[in-house]
Amino acid sequence: PTAPPTRYARLVAAIRALRAKATRSSAFGYFGAVDAGDWFSGTVFTRLGPRADIGAVPELQLFHEAGYTAITLGNHDFDAGDGALASMLRQARDLGLNIPVVVSNIKPAGSVLEPLYNSAPFTNANARTVRLAPYKVEVAPAQDGSQVKICYVGLFGPDASLCSPQKTTSFVGYMAERGAKDEPAFFAHVTGVVRDLKDRERCDVLVAMLHGGRENMEDVNLALQLPEINVIFAGHTHETYYHPVVHKSVLLLNDVTPT
């Protein structure tokens, strides 16, 4: 969330109100809340989460209390280092929080985050935990008795890797040995993920949480290359799309925060 701590309570209240409204009035009573990364750093809470002796992870507790459907990672989530991020996620798990962290292009091998990663996707049945997974699938019942399958992917954009050289965790789309972005590899990987989900999971709606944005055209290029995605929630570039942006029928949203 981009909101300062004084607005966390209002953010939770707004999400709960929207969820209640959607449940009453939408065609299939479904509401999803997501975060596109950079939820850590920039507030007084930053000093609390990485400390194992505190027993509190405020940002992650916010996601739990608000009932977020899924979150992903951004470069600022590594500001205190990979170890601090892993410590926060372990604390959240030990506190019994439910936070699906979806990162579809992470390279977990050799990272301190590897013990928290599981290649099995989140589903309605197994999402009640804290771990990292490549995607999430939710099934929502429609009023006519049918079901709608909604799939979520989380993407750590190439520019996000370029902006967080202090981390040791690697992502597809960045050549660490050269300190350079590899956008062709990123888009090729995402293409494989998305088309696999469409074929194997038979997703009716595909939602991408992208830590990237308009400044480097990562969200626009993703929409242009993969019209199979229905909605892209972007972050990273500190822009706000005050009105929905559509490219090739893909809806783009960026830094949407209730005020």
Side-chain angles (χ1 to χ4, degrees), residues 34-41 46 49-53 57 59-60 63 70-95 97-123 126-127 129-137 151-197 200 208-212 216 218 222 235-236:
V34 301
D35 189 281
D38 276 4
W39 42 264
F40 176 74
S41 197
T46 301
R51 291 184 53 179
D53 60 320
V57 279
E59 295 91 346
L60 296 173
F63 292 133
I71 69 171
T72 194
L73 300 176
N75 54 290
H76 284 298
D77 301 322
F78 291 90
D79 280 358
D82 304 59
L85 175 58
S87 175
M88 286 189 287
L89 294 174
R90 284 194 300 269
Q91 287 186 74
R93 180 192 60 196
D94 295 343
L95 288 169
L97 305 187
N98 304 320
I99 308 161
V101 186
V102 177
V103 194
S104 308
N105 63 319
I106 191 172
K107 298 178 182 178
S111 166
V112 294
L113 297 176
E114 184 176 8
L116 290 158
Y117 180 85
N118 189 316
S119 60
F122 291 109
T123 65
N126 71 4
T129 186
V130 178
R131 64 177 173 89
L132 280 69
Y135 64 94
K136 180 178 182 180
V137 179
C151 296
Y152 293 85
V153 296
L155 305 170
F156 199 91
D159 193 71
S161 281
L162 192 66
C163 293
S164 53
Q166 71 281 8
K167 66 176 173 52
T168 58
T169 302
S170 297
F171 297 85
V172 177
Y174 182 71
M175 298 176 285
E177 66 281 1
R178 294 173 53 186
K181 296 187 286 186
D182 188 351
E183 292 182 344
F186 174 76
F187 286 110
H189 177 80
V190 179
T191 297
V193 170
V194 167
R195 292 182 177 163
D196 181 60
L197 284 176
R200 181 161 45 87
M209 301 171 288
L210 167 68
H211 200 71
N216 47 47
E218 288 177 356
L222 186 63
H236 183 55

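Remember, it's a predicted structure, so these values are computed and weren't measured experimentally.
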Novice: To the closest 0.5 Å, what do you measure between OG (Ser164) and CZ (Phe171)?
Specialist: 7.5 Å
Novice: So if I apply the side chain to side chain contact (heavy atoms under 4.5 Å, CB included) rule between Cys151 and each of Val194, Val193, Val137, Val102, which one comes out positive?
Specialist: Val137
Novice: Quick check for you: to the nearest 0.5 Å, what is the distance between Asp38 atom CG and Asp79 atom CG?
Specialist: 7.5 Å
Novice: Quick check: does any side chain N or O of Trp39 sit under 3.5 Å from a backbone N or O of Thr72, one acting as donor and the other as acceptor?
Specialist: yes
Novice: Test side chain to side chain contact (heavy atoms under 4.5 Å, CB included) on Val101 and Leu116 and set out the steps.
Specialist: CA-CA 10 Å; Val101 186; Leu116 290 158; over 6 Å; no
Novice: Taking all atoms of both residues into account, what is the closest heavy-atom pair of Gly179 and Leu162, and its distance?
Specialist: O-CD1, 3.5 Å
Novice: For the atom pair CE (Met88) and CD (Gln91), what is the distance rounded to the nearest 0.5 Å?
Specialist: 8.5 Å
Novice: If only atom types and distance count, is the side chain of His236 paired as donor or acceptor with the main-chain N or O of Leu210 below 3.5 Å?
Specialist: no
Novice: For residues Leu97 and Val57, determine if any side-chain heavy atom of one lies less than 4.5 Å from a side-chain heavy atom of the other.
Specialist: yes
Novice: Taking the six-membered ring for Trp, are Phe78 and Phe156 parallel (under 30°), tilted (30 to 60°) or perpendicular (over 60°)?
Specialist: perpendicular
Novice: Is there a side-chain contact between Leu89 and Leu113, using heavy atoms and a 4.5 Å cut-off?
Specialist: yes
Novice: What residue among Leu155, Leu132, Ile71 forms side chain to side chain contact (heavy atoms under 4.5 Å, CB included) with Val103?
Specialist: Leu132
Novice: To the nearest 0.5 angstrom, please state how far the CG atom of Asn105 sits from the OH atom of Tyr174.
Specialist: 14.0 Å
Novice: Please confirm whether the backbone N or O of Gly83 pairs with a side-chain atom of Ser87, one donor and one acceptor, at under 3.5 Å?
Specialist: no
Novice: For a 4.5 angstrom cut-off between non-hydrogen side-chain atoms, does Leu60 reach Phe40?
Specialist: no
Novice: Mind checking whether His211 and Asp77 have side chains closer than 4.5 Å, heavy atoms only?
Specialist: no
Novice: Considering all heavy atoms of both residues, which atom of Val172 and which atom of His189 are nearest to each other, and what is their separation?
Specialist: CG1-CB, 3.6 Å
Novice: Taking the side chain as every heavy atom from C-beta outward, state whether Met209 and Asp35 have any atom pair closer than 4.5 Å.
Specialist: no
Novice: Which pairs count as salt bridge (Lys or Arg N to Asp or Glu O under 4.0 Å) when at least one residue sits in residues 186-196, sequence neighbours excluded?
Specialist: Arg195-Glu228, Asp196-Arg200
Novice: I need the minimum non-hydrogen distance between Met175 and Lys181, along with the two atoms involved.
Specialist: CE-O, 3.4 Å
Novice: Sequence neighbours left out, what pairs pass side chain to side chain donor-acceptor pair (under 3.5 Å) with at least one residue falling in residues 107-116?
Specialist: Ser111-Thr169
Novice: Could you check if a side-chain atom of Tyr117 sits within less than 4.5 angstrom of a side-chain atom of Pro134, using non-hydrogen atoms only?
Specialist: yes
Novice: Determine the minimum heavy-atom distance between Pro158 and Gly173, stating which atoms define it.
Specialist: CB-O, 3.3 Å
Novice: Taking all heavy atoms of Ala120 and all of Arg131, pick out the closest pair and write down the distance.
Specialist: O-NH1, 2.9 Å
Novice: Measure the spacing between OH of Tyr152 and OG of Ser104 and express it to the nearest 0.5 Å.
Specialist: 13.5 Å
Novice: For Asp82 and Thr168, indicate whether the former's side chain and the latter's backbone hold a donor-acceptor pair under 3.5 Å.
Specialist: yes
